[in-house]
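Remarks on the structure that follows.
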Amino acid sequence: MSHILALDQGTTSSRAIVFDGSATICAIAQREFRQIFPQPGWVEHDGLEIWATQVGVAAEALTRAGISPREVMAIGITNQRETTLLWDRHSGEPLYNAIVWQDRRTAALCDRLKTEGLEPLFRQKTGLVLDAYFSGTKLAWLLDNIPGARDRAEAGELAFGTVDTWLAWNLSGGRLHISDASNASRTLLFNITTLDWDDELLAILGIPRVVLPQLVDSSAVYGETAGDLFAAAIPIAGMAGDQQAALFGQACGTAGMAKNTYGTGCFLLMHCGERPVPSQHNLLTTVAWQLAGRADYALEGSVFVAGAAVQWLRDGLGIIRSSNEVEALAASVPDSGEVCLVPAFTGLGAPHWDPYARGTIVGITRGTTAAHIARATLESIAFQSADLLTAMEADAGITLSELRVDGGATANALLMQFQADLLGVPVVRPRVSETTALGAAYLAGLAVGLWRDRQEIAGHWQADRVFSPTMGRAQAAELRGRWERAVERSRAWVAP
Ligand SMILES: Nc1ncnc2c1ncn2[C@@H]1O[C@H](COP(=O)(O)OP(=O)(O)O)[C@@H](O)[C@H]1O
Ligand SMILES: O=P(O)(O)OC[C@H](O)CO
């Protein structure tokens with residue numbers, strides 16, 4: 001009976017993982033789905049496809065684990081955040097494709113709100129910046145652009161949700177219309193201090209309250225799966241946005257603990273305690289999770305181009321055939337030969353925030369080889385992450401004591417060692433690398449009593465490998481100084 005089914009609905013694929021009571025993976029199933037690009041800058045998913053792939057992998061994972069639904073104590077949901085859906089409460093049919101977090105169609109609306117001087121208000125109440133990334137302006141776009149949607153929303157006929165809400169709705173056969181605070185805190189509609197939807201912000205964006213989901217804890221028994229879905233009804237008992245779930249899965253439960261996920265980009269979150277910490281560096285303040293009505297908070301920053309720079313070495317330069325070849329190539333030279341590569345392919349995010357920056361390679365000499373470029377590329381991932389951590393430490397007034405890491409690029413030992421050297425603290429890779437799904441499983445398992453409390457969960461966390469810093473602090477400072485100069489050279493390259 002003591003199994004948890006974690007649903008991890010990501011940007012490119014739906015995954016399901018079965019965990020047992022010792023938080024060990026029993027089975028995984030995964031399915032990709034279509035990315036829809038109707039216009040430049042627009043990114044959509046088909047909501048029905050999200051659901052079909054997610055429920056499909058759930059059944060597949062149970063079969064692979066060789067357990068029946070009766071043996072599953074609870075389901076935990078974790079998901080790509082900010083992606084916005086609107087559907088008919090009666091039929092459950094989406095009115096439009098899901099507008100994905102990467103979609104930029106509401107950039108002009110965000111600019112207008114900024115011109116009206118509204119950014120400080122949004123920042124203070126939501127912890128976010130006014131950007132098309134978040135759900136609020138996406139929902140406003142749907143209400144304004146789908147014929148009849150606004151009237152129907154006001155009449156209570158429509159339901160809005162991020163992907164957590166959409167999955168809970170479908171799992172429960174339309175009985176649950178809920179969202180947890182970690183997901184809600186990414187909408188621009190949610191007040192991170194009162195932990196409620198904010199009427200002033202709703203009025204500014206023209207969102208009727210009746211369209212919004214009910215807010216719930218990240219760990220609680222919300223309801224159960226609809227009768228016909230699995231052979232038994234399974235309690236739905238945990239929900240969190242994927243980056244916050246990873247923070248929970250990494251057992252970063254006290255102020256100053258941080259995790260970095262190294263994938264296409266990097267997502268860095270630092271736990272900041274039980275009060276929201278405003279950022280002086282344009283980082284995001286976000287709800288980490290809400291348990292028993294109380295929120296824990298985190299600071300969040302992201303690196304836009306991390307593993308994607310390695311993909312560029314493969315696809316753009318052709319100097320490696322696969323991502324994992326980069327380590328051997330980079331290790332064939334003792335250092336980058338003073339070459340710095342700033343992968344500002346789409347501009348720079350926090351703490352620099354320069355959309356007009358572009359990629360730059362500086363310090364090339366006659367002796368520079370592909371190996372130096374490869375090494376500089378890996379180092380750029382660590383430099384960007386270090387810049388974010390420094391900003392977080394300053395904002396939170398906290399000194400990091402170790403960095404917990406996960407994601408595809410953590411397979412690269414050279415990168416992890418360089419990260420530890422730059423930061424001067426250990427970089428620790430856990431035994432269970434599926435930290436996002438694990439976080440969702442923990443949240444669900446806590447609600448149904450499979451695990452007693454957060455202390456017990458923290459006890460499950462085990463290191464696979466610790467990368468201890470070996471570089472002197474003076475050398476690290478010198479390298480970071482050189483990186484800073486390279487960043488300066490990448491800035492303001494294209495015209496506004
Ligand atoms: N050994 C490696 N060294 C550096 N980068 C790697 C390595 N293996 C994979 N990557 C990078 O990691 C990314 C894939 O990681 P993953 O966690 O699956 O990302 P995502 O969830 O963003 O798709 C790719 O961008 C790839 O280039
Ligand atoms: O699906 P992922 O892992 O790319 O995560 C997406 C983030 O939640 C977007 O904020």
Side-chain angles (χ1 to χ4, degrees), residues 7-15 28 30 32-33 35 43 45 50 53-54 77-84 98-103 128-129 131-135 138 162-164 182-183 185-188 240-247 249 259-269 284 286 298 300-317 319-331 343 345 349 374-382 385 405-419 429 433-437 439-440:
L7 307 183
D8 178 1
Q9 207 302 304
T11 310
T12 56
S13 70
S14 297
R15 289 145 57 77
I28 304 184
Q30 175 165 3
E32 291 191 6
F33 54 85
Q35 306 292 312
V43 188
H45 293 156
I50 286 183
T53 52
Q54 190 63 71
I77 300 171
T78 182
N79 54 285
Q80 55 166 322
R81 304 165 304 165
E82 299 99 9
T83 297
T84 301
I99 304 184
V100 178
W101 57 277
Q102 298 148 327
D103 190 291
L128 307 175
V129 293
D131 192 273
Y133 180 11
F134 306 106
S135 321
K138 297 182 197 291
T162 40
V163 171
D164 54 323
S182 72
N183 276 292
S185 73
R186 316 294 297 187
T187 60
L188 279 176
D242 56 8
Q243 301 309 323
Q244 291 98 324
L247 192 70
K259 72 93 198 174
N260 194 9
T261 301
Y262 297 77
T264 313
C266 290
F267 283 100
L268 232 165
L269 271 78
L284 307 175
T286 205
E300 173 172 330
S302 48
V303 171
F304 297 155
V305 177
V310 176
Q311 291 169 351
W312 174 73
L313 295 181
R314 185 192 61 194
D315 308 334
L317 289 191
I319 62 173
I320 49 172
R321 275 164 308 176
S322 70
S323 290
N324 56 16
E325 283 182 10
V326 71
E327 185 167 356
L329 180 60
F345 302 156
R375 195 161 182 124
T377 303
L378 290 180
E379 290 180 356
S380 76
I381 301 173
S385 299
V405 298
D406 49 63
T410 59
N412 192 315
L414 188 149
L415 168 61
M416 294 298 105
Q417 183 59 49
F418 188 69
Q419 186 73 82
R429 202 168 61 191
S433 58
E434 298 289 347
T435 55
T436 302

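In this text, all values refer to a predicted model and were calculated from it rather than measured experimentally. All ligand and atom numbering here is 1-based and tracks the order in the structure.
- Using a 4.0 Å cut-off between heavy atoms, T264 contacts ligand 1 through both its backbone and its side chain.
- In the vicinity of Y133, heavy-atom distances shorter than 4.0 Å reach the ligand 2 atoms 9 (C), 10 (O).
- A donor-acceptor contact closer than 3.5 angstrom links the side chains of D406 and T261.
- Looking only at protein heavy atoms, the nearest one to atom 19 (O) of ligand 1 is G263 CA, 3.4 Å.
- Within the 4.5 Å cutoff, the side chain of E32 has no heavy atoms near those of the T12 side chain.
- Within ligand 1, the atoms closer than 4.0 Å to a non-hydrogen atom of V326 are 3 (N), 4 (C), numbered from 1 in the order shown.
- For ligand 1, the atoms closer than 4.0 angstrom to any heavy atom of G407 are 17 (O).
- A donor atom on one side chain and an acceptor atom on the other are not found under 3.5 Å apart for T162 and R81.
- Geometrically, ligand 1 and G307 share a nitrogen or oxygen pair separated by less than 3.5 Å.
- Checked against a 3.5 angstrom limit, the closest N/O atoms of G408 and ligand 1 fall inside it.
- Note that atom 5 (N) of ligand 1 has protein non-hydrogen atoms nearby, at separations under 4.0 angstrom.
- With hydrogens left out, the protein atom closest to atom 12 (O) of ligand 1 is A409 N, 3.7 Å, a heavy atom.
- Listed by atom number, the atoms of ligand 1 under 4.0 Å from N324 heavy atoms are 1 (N).
- Residue Q80 approaches ligand 2 through these ligand atoms, each under 4.0 Å from one of its heavy atoms: 1 (O), 8 (O).
- Considering both main-chain and side-chain atoms, T11 comes within under 3.5 Å of ligand 2 through a nitrogen or oxygen pair.
- Considering backbone and side-chain N/O atoms, E82 comes within less than 3.5 Å of an N/O atom of ligand 2.
- With hydrogens and angles disregarded, a donor-acceptor distance shorter than 3.5 Å links the side chain of K138 to the backbone of A132.
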Worked verdict on V310 versus I320 for side-chain contact (heavy atoms from CB on, under 4.5 Å): CA-CA 9 Å; V310 176; I320 49 172; 4.0 Å; yes
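- With rounding to the nearest 0.5 Å, the separation of CG in N183 from CG in N79 is 4.0 Å.
- Going from atom OH of Y133 over to atom CG of L128 covers 9.0 Å, rounded to the nearest 0.5 Å.
- Relative orientation of the F33 and H45 rings is perpendicular, given thresholds of 30° and 60° on the angle between their planes.
- Nearest protein heavy-atom neighbour of atom 24 (C) of ligand 1: Q311 NE2, 3.4 Å.
- Side-chain contact, D8 with T436: no donor N or O sits under 3.5 Å from an acceptor N or O.
- Of the options S323, G265, C266, the smallest heavy-atom separation from atom 9 (C) of ligand 1 is shown by S323.
- To the nearest 0.5 Å, atoms CZ (F267) and OH (Y262) are separated by 14.0 Å.
- Summarising the contacts of atom 3 (O) of ligand 2 with D242, N79, T83, V163, the nearest heavy atom is found in D242.
- The closest side-chain heavy-atom distance from T435 to K259 is not below 4.5 Å.
- Contact annotation for Q243 and ligand 2: only side-chain heavy atoms (C-beta onward) come within less than 4.0 Å of the ligand.
- There is no protein heavy atom closer than 4.0 angstrom to atom 21 (O) of ligand 1.
- Counting only heavy atoms from C-beta outward, the side chains of R186 and L284 approach each other to under 4.5 Å.
- Within ligand 1, the atoms closer than 4.0 Å to a non-hydrogen atom of A308 are 25 (O), numbered from 1 in the order shown.
- You'll find the side chain of L378 reaches within 4.5 Å of the side chain of V326, heavy atoms only.
- In terms of N/O distances under 3.5 Å, ligand 1 is approached by N412.
- Applying the 4.0 Å criterion to heavy atoms of G10 picks out, from ligand 2, the atoms 1 (O).
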